[in-house]
Colleague: 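Let me give you the structure first, and then I'll get to my questions.
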Amino acid sequence: MRFATALLLAPVMLAATPALAGEEVVYGPAPDWVDALATDLIDTDAKTAIARYDVQQRIEGGTVTVYIDRAIKLDSAEALTQAGTSTATWMPEKGDLTIHAVRILRGDEVIDVLAGGEKYTVLRREMQLESRTLDGMLTATMAVPGLRIGDVLNIVFSQTIHDETLAGGAQLNSFLFAKPAEAGFARNVVSWPADEAIRWKAGPDLPQPQEETRKGYRYIRFDLPLDERDELPDDAPSRYTRPQIVQAGTFQSWEQVSSVFAPLYDMTGSIEPGSPLAEEVARIADATDDPLERAAMATRLVQERIGYLMNGMSGGNYTPQAPAKTWELRFGDCKAKSVLLLALLHELGIDAEPVLVNTQYSDAAPEMVPMPAAFDHVIVRADIDGTPYWLDGTMTGTRIGNIANTPPYRFALPIRADGTGLQPVEPRVPAQADMTMTVVLDQRGGVDIPTLATVTTSLSGASASNLAASVGQMSEEQRDKLLENLAGSSPLGALTLVDGDVETDDEAGTVSFTITGLMTTPWHTEGARKRHDLDMLPAAGYEFNADRARAAWRDIPVELGYPGLVEADVTILLPEMGEGFVLRGRPDLDIGYSGERVIRHVELAGDRLVAHERLESTGGEMPSAEIGRARTQAARASNAAPFLLSPADAPRAWQYAQPDLAKRLAPYEDAYAKAIERDDEDARSYTNRALFRQLTGRLALSLEDMDAAIAIDPGADNYRSRGFTRRNLGRGKDALADFRKAFEFDPTGYNARILAGQLARMGETEEALELLDDYDDYGDDHEAFVYVRSEVLAYADRADEGMAMLDALIEEQPGKGYHMNNACWYRARFHVGKDNMIEMCDKAVEQAGNPASVLDSRALAWLTMGDPAKAKADAEAALATAPDAYRTRYILGFAQRRLGEDGGDAIIDYVADTWPGIAEDYARYGLKP
């Protein structure tokens with residue numbers, strides 16, 4: 001995809017000059033113009049790893065010569081290993097590598113390694129084969145003998161570049177390092193004949209270098225390291241954040257750069273009549289008369305039928321491979337693919353030209369010195385009916401639906417015989433969405449139970465093409481694993497996978513992933529109602545956080561990225577035919593901010609909600625002065641996000657043991673069964689269903705699943721979960737056995753407290769207290785131990801002692817309302833402290849952060865004190881904000897029974913039948929079914 005450039009961003013540079021070209025390392029003195037530094041100026045006692053880094057470069061007669069004097073301190077075994085083998089690379093057809101000196105400095109001793117007969121070994125070693133690159137470079141290596149820790153290794157060499165394709169031009173880009181990097185001595189010097197027209201520039205944000213003219217040459221010098229760069233915002237454009245470099249070259253304008261390559265890209269007559277390529281042209285021409293369709297077909301041909309291989313050999317650094325040769329070999333780099341595409345388009349009557357782009361720092365191009373090395377890629381621009389189309393033969397996935405997409409570049413330089421300047425790449429919102437998401441949430445069972453979700457994500461363009469290729473090579477096992485991973489990270493959160501599929505459409509250039517699974521209900525409590533935020537929509541929760549508060553940042557624009565389009569369609573199937581559900585927020589929205597435009601329409605009709613949202617991104621940059629307005633608009637869009645509210649009397653999970661609601665659970669049971677069938681050896685498949693059954697009041701079925709889970713994974717968590725299920729079923733001895741197992745596997749304070757609580761219920765008071773004494777370290781969880789210890793004492797008819805412990809906590813930690821609530825609840829359950837029970841409960845209500853839980857406690861206290869009317873009032877008040885609290889319903893049932901009202905017996909019988917263990921607990925408190 002890339003073509004090589006003469007970037008000097010490392011100590012070793014490509015070397016070239018026809019006069020010196022060869023495949024052997026040259027040994028000799030430094031060029032006469034070099035200001036060579038004496039060896040004794042290197043401080044061998046210094047601790048700095050880089051003792052010297054002297055870079056001197058000269059541009060003259062179309063040749064760049066680079067001289068480097070580098071001295072490295074070997075102060076550790078690791079440094080000795082890393083630097084012990086000297087390596088240099090160069091391109092032999094363009095120049096030589098000349099070694100001037102290899103020295104070991106040991107205190108005052110200087111050891112001349114070359115004088116001892118050591119030489120570099122030349123290898124041809126392709127360093128970038130994994131990225132499909134043949135750079136044609138040679139590698140020279142030498143294992144430097146006799147090195148010791150504490151030595152300084154000094155290597156001095158030079159290289160040259162002379163590239164015939166530049167028509168006598170020369171160029172260099174040289175990296176300038178900054179603090180906190182350190183060096184004993186470092187500089188970077190660039191020079192050229194004073195009468196030669198050289199353009200140069202250093203940046204970004206660099207002070208003026210030292211400049212002088214001597215002996216007919218112009219010099220600029222940078223002392224290194226530079227001052228440490230100021231911190232920049234992460235969202236600054238790349239021209240602010242790119243590496244600091246010095247650029248210099250003979251090219252005087254972008255027009256000159258544009259014209260220098262024009263002869264290489266002249267495709268006139270490059271496809272011979274009757275050739276295989278001519279047959280491809282005829283095939284496309286016969287298929288359609290539409291020039292845009294022809295362009296899409298030609299681009300697809302180059303993308304899919306020609307493999308990528310960058311070939312930098314035989315002049316291939318800038319010279320493209322001929323179209324016929326590319327078709328014969330069936331591979332080529334960006335130059336080869338572009339000229340092939342140009343040839344095809346030319347034969348099809350489509351106006352097109354090659355353009356140079358920078359894939360890393362595109363927005364910085366106008367600030368760079370005009371030179372070919374300002375670019376690292378070439379693509380094709382085709383003009384059809386007055387519209388520019390940017391075609392990249394090295395990409396994949398181009399189709400008629402996305403051919404109009406603009407690439408992620410800000411500027412391009414067309415290659416033209418008469419030359420031209422930089423041209424902006426005007427961004428366009430894609431005609432075809434990069435990603436389309438379709439979500440169906442089946443909530444017909446209810447708002448308080450898991451949701452059946454189906455999510456289809458469709459991708460187009462290059463990402464889709466690459467994914468389709470990967471999916472096509474997957475085994476069934478790999479596809480299943482992919483679907484599992486997608487379910488675990490869906491836009492809705494983690495889903496329990498029920499079913500899934502992957503579909504590819506080669507003609508449309510799309511790939512779609514469909515996941516069907518179970519998810520935790522997205523409804524959350526909003527007073528007595530449930531609320532469902534449509535937070536899966538693309539723009540939901542978006543925050544614009546660009547920061548230019550620092551004075552130094554105030555003029556830096558915000559990088560907004562590149563054009564994109566995301567679309568989402570959401571359907572929510574509602575229970576009760578949608579009766580009582582209301583839509584809030586702004587269902588219709590069309591708002592723009594920070595390079596984004598959100599177009600939304602949401603409609604609630606009957607038993608379903610339907611939403612469509614389109615998120616258009618134009619990318620580009622935002623002036624810092626517009627940040628405030630963009631932040632406001634983004635906040636408005638986020639605040640206006642639509643949401644659903646359920647009716648206050650919507651069924652809650654605890655009610656689903658009733659026959660009329662239980663029948664709603666069939667689709668969910670079927671989904672859980674399919675999830676288990678997918679992987680019946682995973683204990684989580686059973687624990688997920690067990691939890692679902694537990695929440696919906698079907699404990700016997702939940703217990704079956706926990707038995708199956710423990711058979712697969714007999715761990716602490718599963719034993720503890722089964723213990724709670726057994727206790728709620730009234731099977732105390734079995735629960736105790738499970739809690740013992742959980743504690744045996746994981747003897748923590750948490751498991752100790754659970755085990756102690758069950759021991760107390762079973763009358764094993766002394767063992768329970770001993771266990772609590774052993775594991776209470778009086779740390780952060782000491783309060784929890786006090787609560788459990790008080791209950792153990794209460795079950796042993798020592799409730800007064802337990803009450804005193806809770807009251808002591810209140811004295812020690814006044815102001816903690818939950819201590820007051822616990823004291824109220826304890827008194828009400830175990831019938832102690834009646835003299836101040838209601839007073840304690842009133843204070844708990846006053847301090848309550850969650851009034852429902854405290855009103856529940858006081859309701860029980862009123863029953864204990866013999867006032868069912870007040871108990872009823874508190875229970876109803878609690879249920880008004882927490883209608884899913886079935887234990888509060890249970891208390892309300894007893895208040896109604898004592899008041900002689902209808903309805904109390906029904907709820908008492910339902911809870912006692914569904915959770916007999918809970919009924920046993922309340923029977924201890926005096927509330928017997």
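The chain is numbered in sequence order, starting from 1. The shown structure was predicted, so the numbers you read here are calculated from the model rather than taken from an experiment.
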Colleague: Please find the pair of heavy atoms, one from V498 and one from A671, that lie closest to each other, and give the distance.
Modeller: CG2-O, 3.6 Å
Colleague: Report the C-alpha distance between S460 and N402 in whole Å, list the side-chain angles of each, state the deciding distance to 0.1 Å, and finish with yes or no for side-chain hydrogen bond (donor to acceptor under 3.5 Å, both in side chains).
Modeller: CA-CA 8 Å; S460 69; N402 59 30; 4.8 Å; no
Colleague: Would the distance check show the side chain of Q432 and the main-chain N or O of R399 forming a donor-acceptor pair, the cut-off being under 3.5 Å?
Modeller: no
Colleague: Does R689 make a cation-pi contact with Y668 (under 6.0 Å, within 45 degrees of the axis)?
Modeller: no
Colleague: Please check if any side-chain donor atom of T436 sits under 3.5 Å from a side-chain acceptor atom of S458, or the reverse.
Modeller: no
Colleague: Does either side chain, that of E596 or that of S617, offer a donor lying less than 3.5 Å from an acceptor on the other one?
Modeller: yes
Colleague: Should we count NZ of K481 as having more than 12 external heavy atoms under 6.0 Å?
Modeller: no
Colleague: Looking only at the aromatic ring of each residue, does the gap between the centers of W523 and F581 stay below 6.0 angstrom?
Modeller: yes
Colleague: When you check the side-chain N and O atoms of T396 and E304, is any donor under 3.5 Å from an acceptor?
Modeller: no
Colleague: Please determine whether the number of non-hydrogen atoms from other residues, nucleotides or ligands lying under 6.0 Å from atom CG of N639 exceeds 12.
Modeller: yes
Colleague: Who are the side chain to side chain contact (heavy atoms under 4.5 Å, CB included) partners of R608, not counting sequence neighbours?
Modeller: T571, L573, V610
Colleague: Does CG belonging to D590 count more than 12 external heavy atoms closer than 6.0 Å?
Modeller: yes
Colleague: Is the Lys NZ or Arg CZ of R531 less than 6.0 Å from the centre of F643's six-membered ring, within 45° of the axis?
Modeller: yes
Colleague: Would you say the ring centroid of Y672 lies under 6.0 angstrom from that of F692?
Modeller: yes
Colleague: Taking all atoms of both residues into account, what is the closest heavy-atom pair of P427 and P563, and its distance?
Modeller: CB-CG, 3.5 Å
Colleague: Just by distance, no angles: are the side chains of T514 and D501 close enough, under 3.5 Å, to form a donor-acceptor pair?
Modeller: no
Colleague: Quick one: does T451's side chain have a donor or acceptor within less than 3.5 Å of a partner on M519's backbone?
Modeller: no
Colleague: Without swapping roles, check the side chain of E621 against the backbone of L560 for a donor-acceptor pair under 3.5 Å.
Modeller: no
Colleague: Quick check, are the ring centers of W915 and Y890 under 6.0 angstrom apart?
Modeller: no
Colleague: Identify the residue among L701, T687, T725, D705 that makes a side-chain contact (heavy atoms from CB on, under 4.5 Å) with Q694.
Modeller: T725
Colleague: Applying ring-ring contact (aromatic ring centres under 6.0 Å, His included), name anything that partners F724, two or more places apart in sequence or on another chain.
Modeller: F739
Colleague: Salt-bridge test for D383 and R381: reply yes if a basic N is under 4.0 Å from a carboxylate O, no otherwise.
Modeller: yes
Colleague: Testing the 3.5 Å rule here: is there a donor-acceptor pair between the side chains of T241 and Y361?
Modeller: no
Colleague: Where do V429 and G564 come nearest, in terms of heavy atoms and distance?
Modeller: CG1-O, 4.2 Å
Colleague: Under a 4.0 Å N-O cut-off, is there an ion pair linking R294 with D290?
Modeller: no
Colleague: Check whether S490 reaches the backbone of L486 with its side chain - one donor and one acceptor, N or O, closer than 3.5 Å.
Modeller: no
Colleague: Give a yes or no on whether the backbone of R410 and the side-chain of S362 come within a donor-acceptor separation of less than 3.5 Å.
Modeller: yes
Colleague: Check whether any side-chain N or O of R664 sits under 3.5 Å from a backbone N or O of Y656 as a donor-acceptor pair, and report yes or no.
Modeller: no
Colleague: We want to know whether D363 and S238 form a side-chain donor-acceptor pair, criterion being a heavy-atom distance below 3.5 angstrom.
Modeller: yes
Colleague: Side chain of R631, backbone of A546: donor and acceptor closer than 3.5 Å?
Modeller: yes
Colleague: Applying side chain to side chain contact (heavy atoms under 4.5 Å, CB included), can you list everything that pairs with E507, at least two apart in sequence or on another chain?
Modeller: R300, D505
Colleague: Would you say that more than 12 heavy atoms from the other residues, nucleotides or ligands in this model lie under 6.0 Å from the CG of D660, or not?
Modeller: yes
Colleague: Quick one: does any side-chain atom of D434 pair with a main-chain N or O of L565 as donor and acceptor, under 3.5 Å?
Modeller: yes
Colleague: For residues R600 and A637, report the shortest heavy-atom separation together with the two atoms involved.
Modeller: NH2-O, 4.0 Å
Colleague: With a 3.5 Å cut-off and no angle check, do the side chains of D569 and T438 form a donor-acceptor pair?
Modeller: no
Colleague: Minimum heavy-atom separation for S685 and I676, please, with both atom names.
Modeller: O-CG1, 3.5 Å
Colleague: For the pair D607 (side chain) and M577 (backbone), establish whether a donor and an acceptor sit closer than 3.5 Å, ignoring hydrogens and angles.
Modeller: no
Colleague: Indicate whether any N or O donor in one side chain lies under 3.5 Å from an N or O acceptor in the other, for T516 and T454.
Modeller: yes
Colleague: Name the residue from T406, T618, N405 that meets the side-chain contact (heavy atoms from CB on, under 4.5 Å) definition with R428.
Modeller: T406
Colleague: When you measure from the side chain of S721 to the backbone of D717, do you find a donor-acceptor pair of N or O atoms at a distance under 3.5 Å?
Modeller: yes
Colleague: Which atom names give the shortest non-hydrogen contact between R444 and L574, and what distance separates them?
Modeller: CG-O, 3.7 Å
